[in-house]
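Following: one structure in structure tokens, then a few remarks.
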Amino acid sequence: MCGIFGIITNQDNISIGKVVLEGIRRLEYRGYDSCGIVSLSNSKLYIKKDSGKIEEIQKKIDLADIPSNSKLALAHTRWATHGKPTRINSHPHTDCSNKIAVVHNGIIDNFIELREELTQEGHIFKSETDTEIIPHLIENKLKEGLNLKDSVVEALKLCKGAYGLAVCHVDNPDLIIVVRKESPLVIGIEEGKTTYLASDIPAFLPLTRKCYIMEDDELAVLKAGEAEFYDIKNDKKIDKELQIIEWNINAAEKGGYEHFMLKEIFEEPSALKNTMKISEQLLSKFANALLSADNIYITAAGTSYHAALAGKFIISRFLGKHIQDIECSELETQLKGSLQNNSVIIAISQSGETIDTIEAIRWAKKTKNVIILTITNVVGSSITRYSDHVIVTNAGPEIGVAATKTYSTQVLALALIAVSIAKIRNIISDEEIIKYYEALNGIPSIIEKFLEKNVDLIKYIVNNLEKNLNYFFLARGISIATAKEGGLKLKEVACRFIEGYSAASAKHGPISLVREGFPIIFIAPPDETYNRLVGNVMEFKARGGRIISVVVESDEKITKLSDITIRIPQPADEYHNLFSPITFMPALQLLAYYAALANDLDPDKPLNLSKTVTVH
Ligand code: F6R
């Protein structure tokens with residue numbers, strides 16, 4: 001996820017530099033590892049870009065460097081996906097002649113092939129990004145004699161993937177071309193005077209409340225104070241309705257959601273779709289490293305550790321080897337004296353900056369010949385420096401302190417590695433592999449359906465539980481990870497001591513807490529542990545426990561024993577069960593979110609916590 005902002009005006013009293021910097025700053029929540037601006041004046045592009053937070057870059061950009069007679073500018077804030085967050089990789093990107101500038105949000109899936117072809121034709125690339133192919137493709141089309149608009153259309157026909165993009169050209173100083181496909185774009189208008197473009201409404205909300213929302217496969221030609229829209233598939237003009245935005249800026253930044261945490265839970269389906277795009281080649285690098293290792297460890301902290309527990313379970317199904325999970329803060333102490341050469345450590349950290357995780361892998365690398373396989377959400381983060389191979393989950397920036405979408409995408413990345421191992425080992429049939437992929441591909445829509453229909457039920461459960469300061473999440477098998485993560489979310493954001501625990505172990509002690517009405521939330525997908533879990537539910541019910549269960553839609557047995565059920569709309573088969581840590585988790589995340597609200601707490605800023613933990 002990145003942020004785009006742009007302006008084209010005929011007004012003399014506007015400081016273009018100030019407006020674009022202010023506009024892009026309001027999109028910083030969409031990405032903050034680098035930033036760039038292009039303005040156009042006297043048939044020349046003026047580009048300023050660098051890595052770092054917008055605030056730091058703003059200090060470096062002298063407004064005098066942006067020509068005062070410039071009437072057009074584009075800006076970009078980046079969240080790196082292809083290429084590290086460096087100055088060269090920052091947007092805007094240009095063509096060989098330095099006449100075309102492009103800012104882009106999204107991913108061009110086939111950029112490697114296109115880049116190879118363009119390089120063979122003689123185009124020179126400066127960055128490692130997928131975006132840079134776009135100005136070069138447009139350059140080619142212009143050379144064929146097409147105008148700028150048609151060149152953009154024809155260039156994009158060659159690109160597979162997602163884009164919200166804006167293009168300017170020195171020979172067309174009075175227009176900007178923007179196109180949307182699966183990456184948001186909105187156009188703000190001050191009629192007859194100024195037109196703005198942005199990835200999100202807050203960027204121009206203080207300047208105008210009038211806007212057009214672009215849909216997929218639409219192109220807009222923007223001129224000062226006017227916008228024309230076209231259907232990119234047939235070049236037909238579209239009449240769009242001008243909308244008046246009533247939100248305040250705060251609500252707008254969160255896309256209309258009250259908090260980032262809620263927004264990020266609702267972003268899980270699209271984040272997971274992005275994670276599904278991890279290349280088969282990279283997955284098989286992870287798979288082969290695990291297959292040739294003598295010893296395998298998986299390490300992380302907090303929520304990432306819970307993803308590790310779920311992932312370890314899924315990978316072990318197909319790997320035929322044991323994986324030992326160790327909290328990163330304990331790795332050195334536990335493995336001192338026993339770490340061997342030819343070991344592999346899977347390290348998971350959404351931020352890539354957690355000091356305990358980094359120190360654990362640095363120690364292991366220093367001590368023996370080990371391979372580090374890392375899963376992170378941040379390209380170029382510190383952890384990647386000590387890693388042999390890196391998977392980036394591409395969940396987009398997560399602003400809420402409590403990890404939500406980064407958790408589900410971590411588990412998905414691990415699940416993809418697992419299926420890759422199954423394929424390489426040839427231990428299950430092709431039909432079964434297809435079924436696992438179908439189950440994986442279906443996860444986003446299962447979560448979408450769940451979120452669409454269950455918010456009121458979760459609010460009802462929160463009200464129902466409100467008087468209880470303590471309760472349990474209990475589960476067996478793979479769902480113990482889900483129970484633990486659910487407990488952590490409630491501790492973090494709702495400040496309640498809610499424990500996630502093994503349902504089998506609970507009778508060896510914790511069951512003594514149960515009194516009439518004591519709530520227990522059972523996580524109960526219909527997997528091989530289900531029948532035993534039914535027994536556990538009965539034990540707790542017999543002692544007066546109030547049973548709330550998270551089950552699949554067709555569930556009967558545990559539903560009959562429960563006071564309330566949360567139903568996850570997924571099929572009851574072994575393929576979906578294996579990925580239930582992903583599909584069952586949003587229910588518990590929502591529970592934590594609404595429990596925080598019920599306790600008058602800000603779920604985005606839990607007490608005593610920070611998003612990146614760089615202390616021991
Ligand atoms: C919980 C949470 C933390 C992190 C932990 C590790 O919601 O966010 O428990 O999971 O601090 O952080 P990363 O994944 O950045 O290493």
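The figures that follow rest on heavy atoms only: side chains count, while hydrogens, waters and symmetry mates do not. Atoms within each ligand, like the ligands themselves, are counted from 1 in listed order.
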Please could you name the atoms of ligand 1 that [X] approaches to less than 4.0 Å, counting only its heavy atoms?
X      : result
Lys489 : 1 (C), 7 (O)
Ser304 : 10 (O), 13 (P), 14 (O)
Gly302 : 9 (O), 10 (O)
Ala402 : 7 (O)
Val401 : 8 (O)

Item to check | Charged tip of Lys484 within 45° of Phe473 ring normal and under 6.0 Å | outcome: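 Here Lys484 fails the 6.0 Å and 45° test against Phe473.
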Checklist entry - Can an N or O of Thr357 be found at a distance shorter than 3.5 Å from an N or O of ligand 1? => result no
Next on the checklist: Please give me the minimum heavy-atom distance between Pro397 and Lys405, naming the atom from each residue.
Outcome noted: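 So the minimum-distance heavy-atom pair works out to O-NZ, 3.1 Å.
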Checklist entry - Does the separation of the ring centres of Phe450 and Phe584 fall below 6.0 angstrom? => result no
Item to check | Tyr471-Phe518 aromatic ring centre distance below 6.0 Å | outcome: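 Between Phe518 and Tyr471, which both carry aromatic rings, the centre distance is not below 6.0 Å.
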Checklist entry - If you measure from the Lys or Arg side-chain nitrogens to the Asp or Glu carboxylate oxygens, is any gap between Lys365 and Asp388 under 4.0 Å? => result yes
Checklist entry - Is the shortest distance from a Lys or Arg side-chain nitrogen in Glu280 or Lys423 to a carboxylate oxygen in the other one below 4.0 Å? => result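 Yes, this pair counts.
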Checklist entry - Applying a 4.0 Å heavy-atom criterion (strictly less than), which segment of Glu492 is in contact with ligand 1: side chain, backbone, both, or neither? => result side chain
